[in-house]
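To start, the structure itself, in structure tokens.
Note that these values count all heavy atoms, side chains included, but never hydrogens, waters or copies made by symmetry. Counting starts at 1 for both ligands and their atoms, in listed order.
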Amino acid sequence: MDPATRRVMPLNLSSLFAHSFLRYYVTRADSTHTRQTSQLIYRSFFRPLTKVRYDLIGQDWVLEQLFRVLSMHSQRLAVAPIVVLLCGPSGHGKSLLARKFGSLLDIPTHTVNMTTLRSTHDLWQSYSMSPYEEPSSDTLAQFLLNNEGERCVVVLDEIEKVEDPKALYSLLMPWELGRCSLEAGKRHVDLTKVIWLGTSNICHDLVFEHHDSRPDPSKPVTREEYRDLMDLSRPQVSQSLGASLLSRVTTVLPFIPFTMEEKMAIAAEAVYSLISNAAKMLSPEEVEAIVMKVLPSYVPSEGARSLHRAVSNELVDLI
Ligand SMILES: Nc1ncnc2c1ncn2[C@@H]1O[C@H](COP(=O)(O)OP(=O)(O)OP(=O)(O)O)[C@@H](O)[C@H]1O
Ligand SMILES: [Mg+2]
């Protein structure tokens, strides 16, 4: 049973459709687009990633493009390593997707918080910072050696916030050739199977401007509109990270604003996760009433976080 369903097990089946987020998940799972996107990686090593839809609300075009890139790689149609840059506004699921990537595929992940790097050398010496991973005392260099020749994920969180851009130069060789020496004068390590995922707020303004400039901003983004946004994103990333680094990035995936259904699903999911922590039951009508009440508190530049905050403020009075 998928995690979304498991979380609401105490509920009666006939009432399931009264729940914003289940209605959202069921409709989405049923859509032709979802099935076509999943087909892209159906026969590959990456198949378990299709389950990311039970965690990540919206961002269907991000997933489509991501699965397309992974599919090319699994058919050996690409030569360079996989380097994906997830960019755009805060609270839209970039770090969530980066985190789920390795856990769904059951491969090791090392997460570098790029804001903490001080020198070029620091990158290989940095420890994994994610509170969601098993604690480890390995540096990135040790992690890459331990997983040499194997599939693994390196997340470079907040990549544009690195203090000295020179710290990114050490990525040039591994991103181009899939190998590099992790210490001066030492042998080259095989990094061809490493999946590099960068997250960044670059393109924050572009995403909103592009969204509002569409003929009808209340309509869902079309594939053409998303492709257009992807094309506009690369020059902005190039300006921020430099052309030499960007030229080695396989794909830049901007995260886009949530639709009304997606905001409702996020708010409803927040209600269920908070009330289950407090071991409290609410009727579907009560949940729906909270969802409707918190929607006006949505702040586009903060994304899901603004809804989480509004939901927890509402629940303080109830629990
Ligand atoms: N698309 C989404 N679907 C479901 N939950 C989401 C989504 N986006 C954000 N959230 C929720 O909001 C929280 C913050 O999301 P996340 O850390 O992925 O944001 P981010 O895009 O990396 O933002 P930032 O740029 O500030 O780092 C997550 O823990 C998650 O619970
Ligand atoms: Mg993040």
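- Note: Trp61 and His33 have tilted aromatic rings, judged against thresholds of 30 and 60 degrees for the angle between ring planes.
- Looking only at heavy atoms of the protein, atom 23 (O) of ligand 1 is closest to Gly91 N, 2.8 Å.
- The protein heavy atom nearest to atom 29 (O) of ligand 1 is Arg99 NH2, 4.4 Å.
- Residue contacts with ligand 1 for Phe255 are absent, since no atom lies close enough (heavy atoms, distance under 4.0 Å).
- For the Mg ion (ligand 2), the N/O/S atoms of Ser95 include one lying under 2.8 Å.
- One distance of note links CG of Asn201 with NE2 of His92; it measures 10.5 Å at 0.5 Å rounding.
- For atom 12 (O) of ligand 1, the closest non-hydrogen atom on the protein side is Ala304 CB, 3.5 Å.
- Taking a distance limit of 4.0 Å, we find that atom 9 (C) of ligand 1 is approached by some protein heavy atom.
- Protein heavy atom at the shortest distance from atom 21 (O) of ligand 1 is Lys94 NZ, 2.8 Å.
- Residue-level proximity to ligand 1 for His308 is carried by the side chain, the only part with a heavy atom below 4.0 angstrom.
- Residue-ligand proximity, Asp55 to ligand 1, at heavy-atom distances under 4.0 Å covers atoms 3 (N), 4 (C).
- Looking only at protein heavy atoms, the nearest one to atom 26 (O) of ligand 1 is Ser90 OG, 2.6 Å.
- The distance criterion of under 3.5 Å between nitrogen or oxygen atoms is not met by Leu56 with respect to ligand 1.
- Shown here is Asp212, whose CG atom has more than 12 heavy atoms of other residues, nucleotides or ligands within 6.0 Å.
- The pair Glu262-Arg53 does not meet the salt-bridge criterion, since no charged nitrogen lies less than 4.0 angstrom from a carboxylate oxygen.
- By the 4.0 Å N-to-carboxylate-O rule, Glu148 lies too far from Lys193 to be salt-bridged with it.
- For the ring pair (Phe, Tyr, Trp, His ring centres under 6.0 Å) criterion with His110, the lone passing option out of Tyr127, Phe143, Trp196 is Phe143.
- Crowding of Arg43 atom CZ: a count of heavy atoms from other residues, nucleotides or ligands under 6.0 Å not exceeding 12.
- Of the protein's non-hydrogen atoms, the one nearest atom 17 (O) of ligand 1 is Arg305 NH2, 3.4 Å.
- Salt bridge Arg248/Glu176: present, at least one basic N to carboxylate O contact under 4.0 Å.
- No hydrogens or angles considered: nothing links the side chains of Thr111 and Asp157 as a donor-acceptor pair under 3.5 Å.
- The closest heavy-atom contact to atom 6 (C) of ligand 1, among the options Leu86, Ile57, Leu96, comes from Leu96.
- Residue Asn201 approaches ligand 1 through these ligand atoms, each under 4.0 Å from one of its heavy atoms: 25 (O).
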